[in-house]
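All remarks here apply to the structure that follows.
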Amino acid sequence: MALFDKFKQGLTKTRDFLMGQVSNIAAALGFFDEEELEELEIALIQADVGAACTDELMTALREKMRISKNRSTEFVLGTLKKEIRGILGEKEQLYLEPGKLNILMMVGVNGTGKTTTAGKMALRFSREGKKVLMCAADTFRAAAIQQLEAWCERTNTPLISQKDGKDPAAVVYDSIKAAQARGSDVLIIDTAGRLHNKKNLMDELGKIRRIIEREAPDAVVQTLLVIDATSGQNAVIQTATFTEVSDVTGLVLTKLDGSAKGGVAVAVAYQSNVPILLAGLGETAEDLVDFDPDAFVDSLLPEEELQKIAKTD
Amino acid sequence: MALFESLSTKLQDITAKMRGKSRVTEQDIKDMMKEIRIALLEADVNYQVVKELTQEIGEKCKNQEVMESLTPGQQVVKIVHDSLVDILGGGDNSLHFQSSGFTVIMLYGLQGSGKTTTAAKLALHLRKQAGKKPFLVSVDTHRPAAQEQLAILAKSIDVPCYINPQEKDAVVIAREGLVKARYLMRDVMIVDTAGRMTVDDTLMRELKEIAEVVRPNEKLLIVDAMIGQEAVNVARTFDEEIGLDGFIMTKLDGDARGGAALSIYRMTQKPIKFAATGEKVDALEAFHPDRMASRILGMGDVLSLIEKAGREIDEKKAMQSINRLQNNQFTLDDMLEQFEQVQKMGSLKDILGMIPGMNNKQLANVNLDDRKLDYTKAIIRSMTAAERSNVKLLNASRRQRIAKGSGRTVQEVNQLVKQYEESLKMMKSMGLTGKKGAKGKKRRTGGFPGFNFPS
């Protein structure tokens with residue numbers, strides 16, 4: 001399936017919700033008045049776009065409407081789409097440097113899907129012909145290692161692990177040594193979930209990071225923050241805090257298909273400079289795809305449907 | 001982050017602008033309602049609920065009391081807070097045990113909401129607080145190692161557990177678990193089910209089939225405090241399909257405001273029965289509507305702090321310390337004791353975070369190193385018993401020895417001694433020590449006289 005279609009399918013729920021709201025609003029008058037704009041604002045908030053980001057979007061939209069004196073449905077929705085696209089920024093992709101050890105550190109709060117994402121990434125990279133090594137640095141949660149083991153078995157990826165309760169930094173050290181000895185292309189480190197307001201747990205990430213820098217100074221290190229798309233405005237705070245502590249280089253938005261509220265992607269992009277690199281659009285490994293802002297926006301507000309609404313006016 | 005400023009600050013800003021006016025106008029109330037609306041939306045409360053609520057609250061605010069109050073901002077906050085407490089506290093939030101002597105509790109939830117961990121917490125809670133004999137079963141055949149996770153947790157709290165990772169059919173496992181629980185004569189069986197990314201038909205069918213076998217008496221949905229506007233859909237679908245008896249909110253130790261709590265009660269009329277507040281298996285508490293209301297409004301959590309202090313601090317030891325203080329016998333040993341008591345309550349940042357007015361922004365700039373307490377403890381422990389009870393013995397060479405013994409510097413030893421002496425001085429000035437110290441009114445100091453965080 002093409003990437004575009006995947007986005008379309010994964011975001012069905014959010015689109016249905018948003019387009020349902022939008023067409024209701026548009027049908028009322030055929031053009032947008034203050035009341036309709038307020039309704040539109042509400043629809044955005046309900047899609048988890050967040051109060052601040054919605055405010056910004058609406059202000060820009062109102063300004064453009066004022067300047068152009070155009071209140072038609074076509075213009076309003078088209079402008080909104082452009083504004084959202086603008087917030088999402090340029091498309092950036094997860095890049096692995098050939099000939100070097102690429103270390104990907106997966107971080108995030110509990111239950112966002114770090115281990116599952118690590119497993120899916122392992123499959124993807126090994127299909128691309130890369131030598132992948134996995135590191136089970138979640139030594140805290142019961143059976144986290146077994147869960148990763150199951151993924152590694154499925155994807156045929158070697159795994160470096162120790163017993164539950166060991167110092168995660170020690171496992172990371174082992175895995176770096178192993179990756180260097182085996183000449184791996186990618187080392188994926190699955191860390192334990194941690195709430196971003198727990199200082200000592202966040203410090204632990206710093207320690208892991210220092211070990212990586214010391215033991216693998218030549219490696220290309222990327223820290224990926226895994227965010228659950230079902231979460232609300234806390235996702236914004238998560239991004240800010242994790243970025244501050246552990247130098248997050250990219251975001252992974254999981255469970256985008258599970259929620260009618262994919263708007264959290266826009267909220268996060270608005271408040272942070274870190275690019276969204278990957279999106280989880282379904283349960284299978286193939287559903288973890290490169291995040292494409294164009295496909296995202298077009299899946300939320302598809303051109304053909306916007307045209308349809310505009311015509312019925 | 002201005003976005004997350006607390007509601008009370010914002011309302012105070014509005015009322016500050018009104019200074020000079022003799023009374024609050026309807027427009028002022030309208031402005032305040034707008035702020036409340038945004039605050040609730042930022043806390044992820046469902047939009048529909050926010051709309052209804054602000055309308056109701058706006059009506060309440062139009063009464064005489066607010067309009068003529070000198071502190072209308074605070075009045076409004078109080079009204080909002082009380083309204084939230086009213087909503088959150090609705091319904092019966094106790095668990096119902098069957099008179100037959102065998103109760104089945106089934107846990108539902110989305111992926112990653114914390115079902116398995118909560119299952120173990122609930123088992124421990126039932127054993128400790130309700131004197132029950134719990135039994136755990138995992139019927140999660142989807143997520144790799146989910147069953148093993150429950151088994152490990154069960155073992156750590158010493159509760160029997162049934163899993164069967166080889167079996168693909170969840171219904172079969174449920175049946176086997178039931179037999180086992182009855183055979184072991186347990187009185188509560190907790191069933192941990194599989195989570196899905198979303199509520200889909202296949203999962204619902206499976207869950208219903210399991211329910212037919214185990215016949216649950218309590219059907220509880222696990223809700224992540226971080227969930228956004230989707231909360232209502234999830235709660236409603238589960239309630240319509242399965243018929244829930246209540247909810248458990250998880251990850252409340254994070255900094256999510258947890259507005260979902262408000263939405264789901266309002267939309268389903270089912271009570272929130274427990275709150276999970278940490279990664280450890282004993283971190284499950286009864287749900288307190290007033291605290292949740294404060295949290296949603298970003299007003300700190302003083303009550304939890306007080307309760308935490310009450311639970312973690314050994315009353316007897318604290319009293320002993322006070323007595324010793326009053327007899328002028330407060331030694332470094334006592335100081336060590338106090339540090340340990342404080343550490344039991346959690347990290348300093350956690351404690352400070354519960355104080356109203358201390359928001360994340362302020363806390364981020366405070367460099368609170370919990371290890372400092374450890375260092376101080378190490379220094380005290382490197383002293384002899386005689387030195388601990390009489391600091392005057394500490395000459396230069398002894399201080400050097402202590403520094404070496406504890407792996408700290410002599411300066412730090414000096415600092416500690418100075419701090420200790422200052423604490424003594426301060427206690428004296430507060431009239432806490434000395435022969436006549438306890439004269440007159442009985443003063444309870446909460447067990448921490450002259451306590452200074454080591455800096």
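Reckoned from all heavy atoms, side chains included, excluding hydrogens, waters and symmetry mates. Quick caveat: nothing in here was measured; it's all calculated off a predicted structure. To find a chain, count down the sequence lines: A is the first, B the second, and so on, and within it residues start at 1.
Heavy atoms closer than 4.5 Å to chain B are found in the side chain of A:Phe140, but not in its backbone. Using a 4.5 Å cut-off between heavy atoms, A:Val109 contacts chain B through its side chain alone, with no backbone atom that close.
Only one option out of A:Asp190, A:Thr191, A:Asp138 pairs with A:Thr115 in a side chain to side chain donor-acceptor pair (under 3.5 Å); it is A:Asp190.
Residues from residues 149-163 of chain A that place a non-hydrogen atom less than 4.5 Å from a non-hydrogen atom of chain B comprise A:Ala150, A:Trp151, A:Arg154, given in numerical order.
With contacts defined as side-chain heavy-atom distances shorter than 4.5 Å, the pair A:Ile188/A:Cys135 does not qualify.
Here the closest non-hydrogen pair linking A:Val264 and A:Ala235 is CG2-CB, 3.8 Å. The two atoms that bring A:Leu18 and A:Ala43 nearest to each other are CD1-O, 4.0 Å, heavy atoms only.
Annotation: the span from B:Asp192 atom CG to B:Thr118 atom OG1 amounts to 8.5 Å, rounded to 0.5 Å.
Below 30°, between 30° and 60°, or above 60°: for A:Phe7 and A:Phe296 the angle between ring planes is above 60°, a perpendicular geometry.
In summary, A:Asp228 and A:Lys255 engage in a salt bridge, as defined by a charged side-chain N under 4.0 Å from a carboxylate O. Taking a cutoff of 4.0 Å between a charged side-chain nitrogen and a carboxylate oxygen, B:Glu42 and B:Arg37 do not qualify as a salt bridge.
Comparing A:Gln238, A:Gln46, A:His196 by how many heavy-atom pairs each has under 4.5 Å with chain B, the most go to A:Gln46. Per-residue heavy-atom pair counts under 4.5 Å with chain B were compared for A:Ser231, A:Ala144, A:Ala47, A:Gly119, and the maximum is reached by A:Ser231.
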